[in-house]
Asker: 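Have a look at the structure that comes next, please.
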Amino acid sequence: MATIKVSPRRLRERMEQLGTIGRDPAGGLTRLPFAPAHVQAVQRSAQMMREAGLDAGVDEFGNLIGQRSGRREAALLAGSHLDTVPQGGIFDGALGVVAAIECAQTLREANRPLQHGLAVMAFADEEGHAFGAGTLSSRALVGEIGRSRLAQLRDETGRSVDDYLRARTHGLPPAKVPAQVGAYVELHIEQGPVLERMGRVVAAVESITGILRTPVVIEGRASHAGTTPMPGRADALVGAAELVLAVRELALAERDRAVGTIGRAHVLPGATNVIPGRVELTVELRSPDAQVLETLRDAVEERSREIADRHHLTVRLGAWDLSPPVPLDPRMRDAVVRAIERCGHPPLTLPSWAGHDAGVMSRYVPAGMIFVVSTGGLSHSPDERTPWEAVETGAQVLLETLLFLDDAPDMSRRLPLAYAAG
Ligand code: GLV
Ligand code: MN
Ligand code: MN
């Protein structure tokens with residue numbers, strides 16, 4: 001049985017507090033990375049970190065880090081992200097940050113120092129909606145997204161990631177992630193229906209899906225919606241509609257091995273009586289199998305060419321942004337399973353169809369994840385919910401995992417941090 005217990009009341013209070021930051025009048029939470037609501041969430045989380053006895057600061061890539069040192073050189077990292085999708089829920093990301101802070105505070109109050117250092121991570125941009133690249137901040141941290149790309153990637157306001165990073169509007173001190181890392185652990189809601197259907201609360205994650213995303217611009221010819229005969233039109237939205245259906249058909253043909261989504265489309269000039277001359281959209285493909293992703297990408301490119309020819313359009317696909325599929329370290333999966341059992345729950349492992357910063361970290365250091373149940377399987381929605389008892393279970397499993405890793409044989413590796421020298 002667990003001996004040191006997280007505080008369910010404090011967990012809930014903090015989740016609810018963060019859940020008020022970025023309320024969208026249209027529903028849910030909108031905390032786009034680096035926007036004022038996100039900055040406020042970073043500042044509030046930094047305060048929680050200090051309450052937990054951690055030094056809080058923000059690194060060159062906008063990641064909030066709350067840390068304390070241990071006897072060993074290597075640190076255990078735990079956390080998630082504080083940004084949300086537009087009109088998202090309060091649990092996606094924030095849960096992993098708040099729970100990691102709770103573990104730090106519980107350990108301190110129980111006078112149970114870890115041998116390792118401890119660093120709570122709150123990555124800045126995980127969702128990838130604003131700048132088009134998922135897990136942007138963790139990938140920047142390890143140099144997978146270079147500085148020139150950070151200067152190029154712009155959000156809808158025209159500001160680049162680099163512009164935001166230089167501004168440091170949060171006013172927090174500079175910080176760095178410890179380079180020698182024992183392990184990274186992330187608690188997250190499942191965001192899908194599997195746990196609930198199985199009547200389960202918690203699982204260890206065994207792998208993280210691969211994701212390919214690209215912006216697409218379809219150009220036709222805007223003209224009068226009344227006087228232009230139907231034959232010979234170059235209607236960009238007709239091409240977009242065919243592309244939506246093609247992505248669906250191609251993903252369905254892979255059966256349960258892939259999903260495909262066009263989640264964003266902007267029709268221009270966007271007038272009732274004008275044939276659409278231009279549509280800007282995004283295509284997203286996911287599969288746990290790298291080969292399937294490649295096949296799907298080629299097929300989408302091929303179908304785009306066909307659609308362009310058939311409808312007298314130009315279809316331009318941008319550079320594909322790839323997050324490759326990754327298995328999580330089996331030693332970490334086993335550590336989480338053991339922690340789950342210690343908390344009185346049956347062992348279970350699941351794959352993740354959502355992307356996570358743990359996927360990036362796992363390419364360099366042992367990384368593991370804990371999933372807790374999502375009510376109705378819903379996430380990326382204002383209706384995202386997780387029962388408070390499951391939140392407590394997840395945080396307790398995180399604590400048990402950290403305690404187990406602290407005593408386990410050394411697995412530490414060096415993170416290739418991309419910080420500027422000096
Ligand atoms: C992150 O939530 C993603 O899977 O897109
Ligand atoms: Mn998330
Ligand atoms: Mn998300």
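The analysis underlying the following values was restricted to heavy atoms, covering all of them including side chains, and did not include hydrogens, waters or symmetry mates. Numbers for residues simply follow the sequence, beginning at 1. When a ligand or atom number is given, it counts from 1 through the structure's own listing order.
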Asker: Going by heavy atoms in the side chains, are Met121 and Asn63 under 4.5 Å from each other?
Answerer: yes
Asker: Is the shortest distance from a Lys or Arg side-chain nitrogen in Asp329 or Arg413 to a carboxylate oxygen in the other one below 4.0 Å?
Answerer: no
Asker: If you round to the nearest 0.5 Å, how far is CD of Glu219 from CD of Glu280?
Answerer: 8.5 Å
Asker: Can you list, by chain and residue number, every protein residue with a non-hydrogen atom closer than 4.0 Å to ligand 1?
Answerer: Glu126, Glu127, Arg213, Arg286, Ala354, Gly355, His380
Asker: Is the side chain of Tyr184 donor-acceptor paired with the backbone N or O of Gly359 at a distance under 3.5 Å, no angle test?
Answerer: no
Asker: So that I can tick it off, tell me whether Arg303 and Glu249 are bridged by a salt bridge, with the cut-off set at under 4.0 angstrom between side-chain N and carboxylate O.
Answerer: yes
Asker: Is the ring centre of Phe371 less than 6.0 Å from the ring centre of Trp353?
Answerer: no
Asker: Gln105 and Arg14: side-chain donor and acceptor closer than 3.5 Å?
Answerer: yes
Asker: Please determine whether a side-chain nitrogen of the Lys or Arg among Glu156 and Arg264 lies less than 4.0 Å from a carboxylate oxygen of the Asp or Glu.
Answerer: yes
Asker: Using a cut-off of 2.8 Å, find all protein N, O or S atoms closer to the Mn ion (ligand 2) than that distance.
Answerer: His81 NE2, Asp92 OD1, His188 NE2
Asker: With no hydrogens and no angle check, just 3.5 Å: does a side-chain donor-acceptor pair link Ser80 and Glu186?
Answerer: yes
Asker: What atom name does the N, O or S atom of His380 nearest to the Mn ion (ligand 3) carry?
Answerer: NE2
Asker: Taking Gln67 for the side chain and Lys176 for the main chain, is one N or O donor matched with an acceptor at less than 3.5 Å?
Answerer: yes
